[in-house]
Protein chains: 2
Amino acid sequence: MIGKKALQELEAKVGKDKVFADREYLLSYSYDATGLEFLPDAVVFAESGEDVARVMAVCRSHGLPLTARGAGVGYTGGALAVRGGVVLVFTRMNRILRLERESLLVVVEPGVITSDLQAVAEKAGLFYPPDPASLKTSTIGGNIAENAGGPRCFKYGVTGNYVLGLEAYLMSGEKVRLGSETIKNVAGYDLKSLLIGSEGTLAVVTQATLRLLPLPPRRLLFRVDFAALADGALFVQRIIQNHVQPSVLEFMDRSSLQAVYAYQGLALDDRVRAAVLVEIDGSPAEVAEREALFERQVAAAGALDRQRAATAAEQETLWATRRNISPAIARLKPKKINEDIVVPGGRIPEMVAFIDGLAAEFNLCIVLFGHFGDGNIHTNLMVDPDDAAEMSRAGVVLDRIFRRVVELGGTISGEHGIGLSKKPFMRYQFSPLELELFRSIKKVFDPDNLLNPGKIF
Amino acid sequence: MIGKKALQELEAKVGKDKVFADREYLLSYSYDATGLEFLPDAVVFAESGEDVARVMAVCRSHGLPLTARGAGVGYTGGALAVRGGVVLVFTRMNRILRLERESLLVVVEPGVITSDLQAVAEKAGLFYPPDPASLKTSTIGGNIAENAGGPRCFKYGVTGNYVLGLEAYLMSGEKVRLGSETIKNVAGYDLKSLLIGSEGTLAVVTQATLRLLPLPPRRLLFRVDFAALADGALFVQRIIQNHVQPSVLEFMDRSSLQAVYAYQGLALDDRVRAAVLVEIDGSPAEVAEREALFERQVAAAGALDRQRAATAAEQETLWATRRNISPAIARLKPKKINEDIVVPGGRIPEMVAFIDGLAAEFNLCIVLFGHFGDGNIHTNLMVDPDDAAEMSRAGVVLDRIFRRVVELGGTISGEHGIGLSKKPFMRYQFSPLELELFRSIKKVFDPDNLLNPGKIF
């Protein structure tokens, strides 16, 4: 519990209109997409970097944990105040400060919503590629904290690839500027990259300079259906190797499709075992040429069906199937254990077969979909928390999946981060020495462990 | 001076055929492209990660500094043993261990020469884009240590963008594996990026997993000449904004061109004040389409001349002008103070005008060329070390240039690193607090300051 004195200090330092400690507020900022809940002691809405420094001063003098929060839509608990303290919300710091067309960059506050930034960039004929599924609600600050990905990251890279510079506050209340406004920069250690994906445990970001690209003038979207999962996986590899260079290469397995079709009240062709979404973008001639290369691969792959969406409305219909997977599969079972493993592209068929084998062996419903272009497989174990035997089997399966991922040169998280929910699996990917290095670095930035404590390791 | 005991221990631990302490060897590994010289106490040729750990053990027990070295062609002294000790050379660890076409990756030892890797990738129909000017001699280990760039980095990014994972040894002799074999990875802190560009001060890299791309099937190279520097700079911006998406956007000023033409025994058209090299790569239709867009910009820009090189031989001729700038301008004056500042793309005209103004005001010969696409301006102050007045003026000019670069949101080094020669300028880009953070991180990795001491800060 926060003391009355600390609360009064917060109110005095940043203003009463930014500080809340009544239960309804605390509840509203106690959860995220994990379904877990941790009640903070106070919620503060930052309106400037100075506010951040002031809140830090109060937290330091009272030993209160500080957890930064954007939209609170993370999948691993990164924004949850697991040890109470202050939740510092950034939704009021949502200004786009400066867009420079000539330098292809934009300077934003962390509370800007990802799709708002994309819309502003598009109006200027520019393009901000990272597109996490939560883009209509998630904030740039949250995207940076978790190094968010998305379908287009296959061609364009993840959030971190678009962060040129950061302004951030250390827990000491001191401001640092990391990176620059340029793509190349090899002066000093790359602390900017160290902060990206550090889930708010090292510093609090208050401003970001982001790289933009020229907007590709044309986009085409395709869906290709296959009678076997392996055919779809092989198709994905051939697409990559044959210069189709798609901007999106998404994969949906039979269970995903069945769930979505049921959700949408549609009937799924019995023969379909997998579907691949392929987006091609670029100039008109580029898109036409790549479409021809793509069609050659479709013909060679013996696909069951191929749909082509040229208009925005048609594309939205195809995308709807993919975007509805999460709500649709949520109806299959009371709980979804949602992992986002990644393996090298060439290992996808092997990994998918391995997971399919486990599902059969342990009689579990495992739904696979995701970004097969970059090997990022969203692996959903659908379980009933009241079924102890099933939960136990799920535990064994998860364990085997993570071990296999690491053996294949992959990683336990491609875009969701570690947060709270993946902490137990860190030891599969990292040696005790490597984990100790993380802790030592944490100590350099936050010696009293006040910044989002209890996360990652 | 190294003690006899330490030398014997080195020989006993790694083998006599890998350890050298005679003066001729020490001399051969005492310099780099800076022209500075520091004699090491011993030179060891590593043949495995275990060798590295063994050498580290000897260095630790005798308090000897350890400096890793690739080809020794760096511009800032990163590979120089400024405090003596052991220079650990990686030229014998030059194996390409594994190339996976399906996963678009290659695993290499640090001593592999950059152009050798490129050749091996090309044979497999793949492409390793980073292309520092030194690519025919520089090693991947050195490229990683300095996060090397090059002309194609404008479209394709720098070395760090192609490093998926690293195996490295801490000064404690313990091995760590950082990153993974996948593009996406948000598990734990990004220590891989922290090591990239850290100039061998944090750990010693013994293996790298690098990302490859499909090889673009076609390339075209153009040179466009302008009657004014500003016209060339504007042309570069228009090329970027109008979807030409070149793979290379290089710039040469009048002084560069004059020097190269004299060097090659050719006459330069009096009217030419700047030249831009533009490379377009991709599929045939893509290249054709972009060439048309490019020609429209050439016509609009009022260029003096435009040369087109379609064959490899023709392209080599155009490239020769650019590649000969360094040796050519070296003949202008006894010493070249070689900086590689970067400013945001939109600020190039402002920065170039600023430097031109300084050259006139301080009566200095300043030669500009480089990667204008990404704002990376190689700024060469041509001076005579025996002319004290000129050296003093150069000092003032350098100081002003670096201050202006930072004001414009840029960085003091785009691809050469800080090493020894840019240490004095770090304070322009970094606050005392930021420099202190660097030192604290250094201490986490190397508490006794044995790893390449005296560099960066």
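Of the listed residues (Gly188(B), Gly157(B), Gly375(B), Ala288(B)), the one with the most heavy-atom contacts under 4.5 Å to chain A is Gly188(B). Heavy-atom pairs under 4.5 Å with chain A peak, among Leu126(B), Leu105(B), Thr201(B), at Thr201(B). Comparing Leu195(B), Thr411(B), Leu293(B) by how many heavy-atom pairs each has under 4.5 Å with chain A, the most go to Thr411(B). For chain B, the option among Thr209(A), Leu202(A), Leu435(A), Ile196(A) with the highest count of heavy-atom pairs below 4.5 Å is Leu202(A). Between chain B and the residues Gln237(A), Lys443(A), Met426(A), Arg177(A), the most heavy-atom pairs under 4.5 angstrom are made by Arg177(A). Ranking Glu434(A), Glu102(A), Lys184(A), Glu146(A) against chain B, the residue ahead of the rest is Lys184(A), based on heavy-atom pairs under 4.5 Å. Comparing Arg238(A), Gln245(A), Lys442(A) by how many heavy-atom pairs each has under 4.5 Å with chain B, the most go to Lys442(A). Interface remark: of the candidates Gly160(B), Gly414(B), Gly179(B), Gly345(B), Gly414(B) forms the most heavy-atom pairs closer than 4.5 Å to chain A. The candidate from Gly197(A), Ala148(A), Ser193(A) with the greatest count of non-hydrogen atom pairs under 4.5 Å with chain B is Ser193(A). When the candidates Phe438(B), Phe425(B), Phe154(B) are compared by the number of heavy-atom contacts under 4.5 Å with chain A, Phe438(B) comes out ahead. Most heavy-atom pairs under 4.5 Å with chain B, from the set Ile456(A), Asp374(A), Ile183(A): that is Asp374(A).
Residues Leu170(B) and Leu437(A) meet the side-chain proximity criterion, which asks for heavy atoms closer than 4.5 Å. Using a 4.5 Å heavy-atom threshold, the side chains of Leu191(A) and Phe430(B) count as separate.
Val158(A) touches chain B through its side chain: at least one heavy atom from C-beta onward sits under 4.5 Å away, while N, CA, C and O do not. Only the backbone of His416(B) comes within contact range of chain A, judged by heavy atoms closer than 4.5 Å. Contact of Leu215(B) with chain A is made through the backbone alone, with heavy-atom distances under 4.5 Å. Interface remark: Val343(B) contributes backbone atoms only to the contact with chain A (heavy atom separation under 4.5 Å). Proximity to chain A involves both the backbone and the side chain of Ile240(B), based on heavy atoms less than 4.5 angstrom apart. For Asn161(B), the part lying near chain A is the side chain, with the backbone staying farther off; criterion is any non-hydrogen pair under 4.5 Å. With a 4.5 Å cut-off on non-hydrogen atoms, Gln429(A) touches chain B through its side chain but not through its backbone. Residue Leu104(B) touches chain A through its side chain alone, counting heavy-atom pairs closer than 4.5 Å. With a threshold of 4.5 angstrom between heavy atoms, Arg290(B) approaches chain A through side-chain atoms but not through N, CA, C or O. Contact of Tyr189(B) with chain A is made through backbone and side chain together, with heavy-atom distances under 4.5 Å. Heavy atoms of Lys175(B) lying under 4.5 Å from chain A belong exclusively to its backbone. Only the side chain of Asn376(B) comes within contact range of chain A, with heavy atoms under 4.5 Å apart. With a threshold of 4.5 angstrom between heavy atoms, Glu415(B) approaches chain A through its backbone and through its side chain. Using a 4.5 Å cut-off between heavy atoms, Arg439(B) does not touch chain A at all. Proximity to chain A involves both the backbone and the side chain of Val176(B), based on heavy atoms less than 4.5 angstrom apart.
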Handout entry: Worked verdict on Asn147(A) versus Asp190(B) for side chain to side chain contact (heavy atoms under 4.5 Å, CB included)
Key = CA-CA 10 Å; Asn147(A) 200 3; Asp190(B) 187 0; 5.9 Å; no

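If you take OG on Ser172(A) and CG on Leu433(B), they are separated by 6.0 Å, rounding to the nearest 0.5 Å. A distance of 7.0 Å separates OG in Ser283(B) from CD in Glu286(A), rounded to the nearest 0.5 Å. One finds the NZ atom of Lys192(A) at 12.5 Å from the CG atom of Leu194(B) (value rounded to the nearest 0.5 Å).
Ser440(B) approaches Val444(A) most closely through the heavy-atom pair CB-CG1, 3.5 Å. The shortest non-hydrogen separation linking Ile412(A) to Ala187(B) is CG1-CB, 4.0 Å. Scanning both residues, Pro214(B) and His243(A), for their nearest heavy atoms gives CB-CE1, 3.6 Å. Considering all non-hydrogen atoms of both residues, Pro344(B) and Ser103(A) come closest at CB-OG, 3.5 Å.
Ion pairing between Arg347(A) and Glu100(B) holds under the 4.0 Å rule for side-chain N and carboxylate O.
Remark: the backbone N or O of Gly410(B) is not paired with any side-chain donor or acceptor of Ser180(A) at under 3.5 angstrom. Checked by atom type and distance alone, the side chain of Glu289(B) pairs as donor or acceptor with a backbone atom of Ala285(A) at under 3.5 Å.
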